[in-house]
Number of protein chains: 2
Amino acid sequence: MRIGELAKKAQVSRDTIRFYERHGLIRSDVDEAAGNGYRIYPEDAAMTLEVIRDAQAAGLSIADITVFMGQLAAQTDADFDVQGFLDGKIAEVTARLDGAQRFLTLLERTKVALAKAPQDGLDEVRKAGAGNGNRTRN
Amino acid sequence: MRIGELAKKAQVSRDTIRFYERHGLIRSDVDEAAGNGYRIYPEDAAMTLEVIRDAQAAGLSIADITVFMGQLAAQTDADFDVQGFLDGKIAEVTARLDGAQRFLTLLERTKVALAKAPQDGLDEVRKAGAGNGNRTRN
DNA sequence: CAAAACCGTTGACAATGGTCCATGGTTTAT
DNA sequence: ATAAACCATGGACCATTGTCAACGGTTTTG
């Protein structure tokens, strides 16, 4: 499919797709049949873009995602510690997920407290504070 | 406490603290007693820094966090739709959390698959694809 | 067929979140 | 008392993640 269709399907801009492509996250081939220089993107590209979105939500950088995609595509690099890389990322993402979850709880508590007592009454929230959204460490 | 102590306690650089302060996320007062220009940070600043970390993990921008902190500090702004803001952020964070969770699942599946079949055998993972980490939409 | 919509490439621009450096003063440890 | 460690301020600098503009060609549509 052409870039415009993909962009619409995946809800990202054409420029973003090109940006990802420049960084090796997506690939396309020039349509040799039609002699225009147009590029054709594989069907699964839309799915790839979803994975990228999720990976970004998980806090991975473009560089990280590129590595991960490389492994998914079986670019077996020999002497690159995939398990190490994956373990590292799993740990990072888990930590980030915990933090995000904690913050979501705080947001929700704030909302309730603020709805209840429009002017004040946030002290409970403030006291509960940073911690305590199922915290384990500390 | 002084900036160095806070930095150590919260595991961020002094520069980062100053950066946050410039953006209104943290505040400090000049120590008037001691006539040096040194600044004193309140005890709860370390906790604030933890909240900031969590909020960032949840994908909020510094600007967003500033607004949120303002509300927590009861900077009641009148005619600012706090509930709307909170609802919006809760929705955003929830979505991000879902995406991150999905990606974490993918990471874990990849790890297992790759451990099992060092050379290939990623097709199962690839086929399961983007979706399917408890997805609701689509 | 003409206008509108699309495509490619290149390179500049921008916002975000920090980090680093220079300068000059203060405190603490030896 | 002197060096090492700390502090403040200001501004330059950096990577990341896109976005936009310009230019020229192609396809689609009315």
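Lettering of chains follows the sequences in order, A, B, ..., and the numbering in each one begins at 1.
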K.L.:
I need the single residue from B/R2, B/R27, B/E5, B/E21 that forms a side chain to side chain donor-acceptor pair (under 3.5 Å) with B/Y41. Which is it?
P.N.:
B/E21

K.L.:
Find which nucleotide of DNA chain C each of B/A63 and A/I40 is nearest to by heavy atoms, and output the residue with the more 5' nucleotide.
P.N.:
A/I40

K.L.:
What I'd like to find out is whether the side chain of A/L106 reaches to under 4.5 Å of the side chain of B/F68, using heavy atoms alone.
P.N.:
yes

K.L.:
Answer yes or no: does a side-chain N or O of B/R39 lie under 4.0 Å from OP1 or OP2 of D/dC7?
P.N.:
no

K.L.:
Whole Å only: how far is the CD1 atom of A/I52 from the P atom of D/dT16?
P.N.:
17 Å

K.L.:
Tell me the interatomic distance from A/I26, atom CD1, to C/dG8, atom P, rounded to whole angstroms.
P.N.:
13 Å

K.L.:
Looking at A/K89 and A/D64, is there a salt bridge between them, counting it only when a charged N and a carboxylate O are closer than 4.0 Å?
P.N.:
yes

K.L.:
Are any non-hydrogen side-chain atoms of A/I52 and A/L60 less than 4.5 angstrom apart?
P.N.:
no

K.L.:
Compare side-chain N and O positions of A/R14 against OP1 and OP2 of C/dC7 and report whether any pair is under 4.0 Å apart.
P.N.:
yes

K.L.:
Using a 4.0 Å heavy-atom cut-off to protein, can you give one letter per nucleotide of nucleotides 18-30 of chain D, 5' to 3': B if the base is in contact, S if only the sugar-phosphate is, - if neither?
P.N.:
BSB----BBS---

K.L.:
What I want to find out is whether B/K111 reaches A/D87 closely enough, with some N-O distance under 4.0 Å, to be called a salt bridge.
P.N.:
yes

K.L.:
Decide yes or no on side-chain contact (heavy atoms from CB on, under 4.5 Å) for A/R39 and A/D31, but give the supporting numbers first.
P.N.:
CA-CA 5 Å; A/R39 305 190 146 276; A/D31 187 339; over 6 Å; no

